[in-house]
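What follows is a short report on a single structure.
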Amino acid sequence: NPLSTISSTIQTQDIKNVPFEEWSTRMVVQWLKRTELDPLVGVFQENLVDGKMLVEIIKDPENSFDELGITLSFVRRRLKKELAILTNTFTTTSTISSSSSQSSQ
């Protein structure tokens, strides 16, 4: 079935190849599982948290956590840490990509 093939391709798309700002809710859930933040999967799915919403969470984590109902302080700290790693990883990658493309011109 061609439709199921397309669907499985989308489901298995590697989140490392897509800037997190463009992630779907499914990709955000994949990231949560990879970072062992599985307990947050339900909350993120219910609230349809995608890449654009992750950007908002990064900008204002405390209010975002309150709105999402994430109350446990150790979970908040862990999520903040993973968001910082995510931001640094993509910032570093995009910086390297843009500087290497400029030097090849």
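- Applying the ring pair (Phe, Tyr, Trp, His ring centres under 6.0 Å) rule to F20 yields the partners F90; only residues at least two apart in sequence or on another chain are considered.
- The line from NZ of K16 to CZ of R34 is 6.0 Å long, rounded to the nearest 0.5 Å.
- Not counting sequence neighbours, the partners of I85 by the side chain to side chain contact (heavy atoms under 4.5 Å, CB included) test are K81, E82, T89.
- For E22, the side chain to side chain contact (heavy atoms under 4.5 Å, CB included) partners two or more places apart in sequence, or in a different chain, are V18, P19.
- Judged as a side chain to side chain donor-acceptor pair (under 3.5 Å), and not counting sequence neighbours, the contacts of N63 are D60.
- Considering only heavy atoms from C-beta on, Q30 stays 4.5 Å or farther from W23 through its side chain.
- Partners of V43 by side chain to side chain contact (heavy atoms under 4.5 Å, CB included), not counting sequence neighbours, listed by chain and number: N47, L68.
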Got a list of side-chain donor-acceptor pairs under 3.5 Å for residues 70-77, not counting sequence neighbours?
from: R76; atom 1: NE; to: I70; atom 2: O; distance (Å): 2.7
from: R76; atom 1: NH1; to: E62; atom 2: OE1; distance (Å): 2.6
from: R76; atom 1: NH2; to: D66; atom 2: OD1; distance (Å): 2.2
from: R76; atom 1: NH2; to: I70; atom 2: O; distance (Å): 3.1

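- In this structure, the separation between CG on L86 and CD1 on I15 is 8.0 Å, given to the nearest 0.5 Å.
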For L83 and W31: C-alpha separation, side-chain torsions, deciding distance, then whether side-chain contact (heavy atoms from CB on, under 4.5 Å) applies. CA-CA 10 Å; L83 288 168; W31 170 74; 3.7 Å; yes
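- Note: I57 CD1 to L79 CG = 7.0 Å, rounded to the nearest 0.5 Å.
- How far CE of M53 is from OG1 of T25: 8.0 Å, rounded to the nearest 0.5 Å.
- Every residue two or more places apart in sequence or in another chain that forms a side chain to side chain contact (heavy atoms under 4.5 Å, CB included) with K52 is listed here: D50.
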